[in-house]
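Accompanying notes for the structure given below.
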Amino acid sequence: QVQLVESGGGLVQAGGSLRLSCAASGRTLSSYAMGWFRQAPGKERENVAAISRFGSKAYVADSAKGRFTISRDNAKNTVSLQMNDLKPEDTAVYYCAADVTNYSGRYSVGIYDYDYWGQGTQVTVSS
């Protein structure tokens with residue numbers, strides 16, 4: 001069982017920055033491909049960023065490219081999402097997720113690739 005806990009969400013003005021962190025208990029995150037998703041009210045959950053098991057490969061959605069950076073510190077068992085130049089449309093609940101069956105060394109993009117999810121952290125960007 002993998003338990004994921006997100007932190008770092010909050011209220012920020014447009015153009016501001018936030019750093020989300022995902023901590024794990026029960027297992028070491030270095031074994032898993034990890035991802036960050038978000039879900040805005042009335043919308044489907046979407047993949048914002050993903051990173052491979054050892055951090056050698058990373059993906060960022062077009063909507064976040066150039067503004068968001070995903071990283072991982074396997075020694076600290078954490079995965080982070082640095083979000084800069086935030087926009088009101090970035091407002092959503094952000095979820096950390098772990099894919100425990102990806103041994104390919106690549107990241108996972110699809111929502112159904114992921115096996116464990118955190119409870120989410122709210123990010124609100126005011127205009």
Side-chain angles (χ1 to χ4, degrees):
Q1 187 75 14
V2 179
Q3 294 178 327
L4 303 173
V5 178
E6 303 94 339
S7 62
L11 173 64
V12 64
Q13 288 188 334
S17 298
L18 284 174
R19 185 176 181 86
L20 305 183
S21 291
C22 174
S25 61
R27 297 287 178 89
T28 174
L29 284 184
S30 63
S31 299
Y32 309 133
M34 299 294 296
W36 284 97
F37 287 73
R38 68 185 180 188
Q39 188 166 19
K43 294 188 177 182
E44 294 185 352
R45 191 171 296 190
E46 62 174 350
N47 190 335
V48 175
I51 192 166
S52 61
R53 294 169 64 194
F54 301 112
S56 59
K57 295 180 174 62
Y59 160 85
V60 178
D62 287 344
S63 60
K65 201 161 290 183
R67 301 186 299 123
F68 292 8
T69 303
I70 187 171
S71 60
R72 64 191 305 158
D73 187 336
N74 287 340
K76 295 182 178 180
N77 219 29
T78 59
V79 177
S80 298
L81 184 67
Q82 177 67 42
M83 305 187 295
N84 299 327
D85 190 22
L86 283 161
K87 303 176 180 181
E89 51 264 42
D90 294 318
T91 295
V93 178
Y94 283 71
Y95 298 90
C96 173
D99 177 356
V100 305
T101 59
N102 181 351
Y103 303 105
S104 70
R106 292 186 56 80
Y107 49 75
S108 300
V109 176
I111 188 170
Y112 297 108
D113 291 333
Y114 289 86
D115 307 287
Y116 294 98
W117 296 81
Q119 292 299 308
T121 184
Q122 176 70 46
V123 171
T124 303
V125 184
S126 63
S127 58

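Small disclaimer: the values here were computed from a predicted structure and weren't measured.
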>> Has Q119 got a side-chain atom pairing as donor or acceptor with E6's backbone, closer than 3.5 angstrom?
In response: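 Here the side-chain-to-backbone pair does not exist.
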>> Would the distance check show the side chain of R67 and the main-chain N or O of D85 forming a donor-acceptor pair, the cut-off being under 3.5 Å?
In response: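 Yes, R67 side chain to D85 backbone: donor-acceptor pair under 3.5 Å.
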>> Walk me through whether S52 and R106 qualify under side chain to side chain contact (heavy atoms under 4.5 Å, CB included).
In response: CA-CA 5 Å; S52 61; R106 292 186 56 80; 5.5 Å; no
> Do M83 and V123 have side chains that get closer than 4.5 Å, going by heavy atoms?
Replying inline: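 Yes, close enough: below the 4.5 Å cut-off.
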>> Counting C-beta onward and ignoring hydrogens, is there a side-chain heavy-atom pair between D115 and Y32 closer than 4.5 Å?
In response: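 With C-beta onward as the side chain, the pair stays apart.
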Please report the interatomic distance [atom1]([X]) to [atom2]([Y]), rounded to the nearest 0.5 Å.
X	Y	atom1	atom2	result
F68	R38	CZ	CZ	5.5 Å
R19	S7	CZ	OG	10.5 Å
K57	I70	NZ	CD1	14.5 Å
Q39	I111	CD	CD1	7.0 Å
L20	T78	CG	OG1	12.5 Å
T91	Q122	OG1	CD	7.0 Å

> Between F37 and W117, does the ring centre distance come in under 6.0 Å?
Replying inline: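 Aromatic pair counts; centres sit under 6.0 Å.
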>> salt bridge (Lys or Arg N to Asp or Glu O under 4.0 Å), that's the test. Do K65 and D62 meet it? Break it down for me.
In response: CA-CA 5 Å; K65 201 161 290 183; D62 287 344; 3.1 Å; yes
> Between the side chains of D113 and S108, is a donor N or O closer than 3.5 angstrom to an acceptor N or O?
Replying inline: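 Their side chains do not contain a donor-acceptor pair, so the 3.5 Å distance test is not met.
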> Does a donor on one side chain and an acceptor on the other come within less than 3.5 Å for S80 and Q82?
Replying inline: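 Looking only at side-chain atoms, Q82 and S80 do not form any donor-acceptor pair under 3.5 Å.
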Looking only at non-hydrogen atoms, find the nearest pair between [X] and [Y] and report the distance.
X	Y	answer
S30	N77	N-OD1, 4.3 Å
N102	A33	ND2-CB, 3.8 Å
A92	A40	CB-N, 3.8 Å
Y107	A58	CE2-O, 3.5 Å

> Given the rule in the side chain to side chain contact (heavy atoms under 4.5 Å, CB included) test, do L29 and L4 qualify, once you have shown the distances and angles that lead to the verdict?
Replying inline: CA-CA 10 Å; L29 284 184; L4 303 173; 3.9 Å; yes
> Which residue pairs pass the disulfide bond (SG atoms under 2.5 Å apart) test with at least one member in residues 16-127, sequence neighbours excluded?
Replying inline: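 As it turns out, the disulfide bond (SG atoms under 2.5 Å apart) pairs with a partner in residues 16-127, which skip direct neighbours, are C22-C96.
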>> Can you list everything that forms a side chain to side chain contact (heavy atoms under 4.5 Å, CB included) with V5? Sequence neighbours excluded, please.
In response: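 Result, side chain to side chain contact (heavy atoms under 4.5 Å, CB included) vs V5: none returned.
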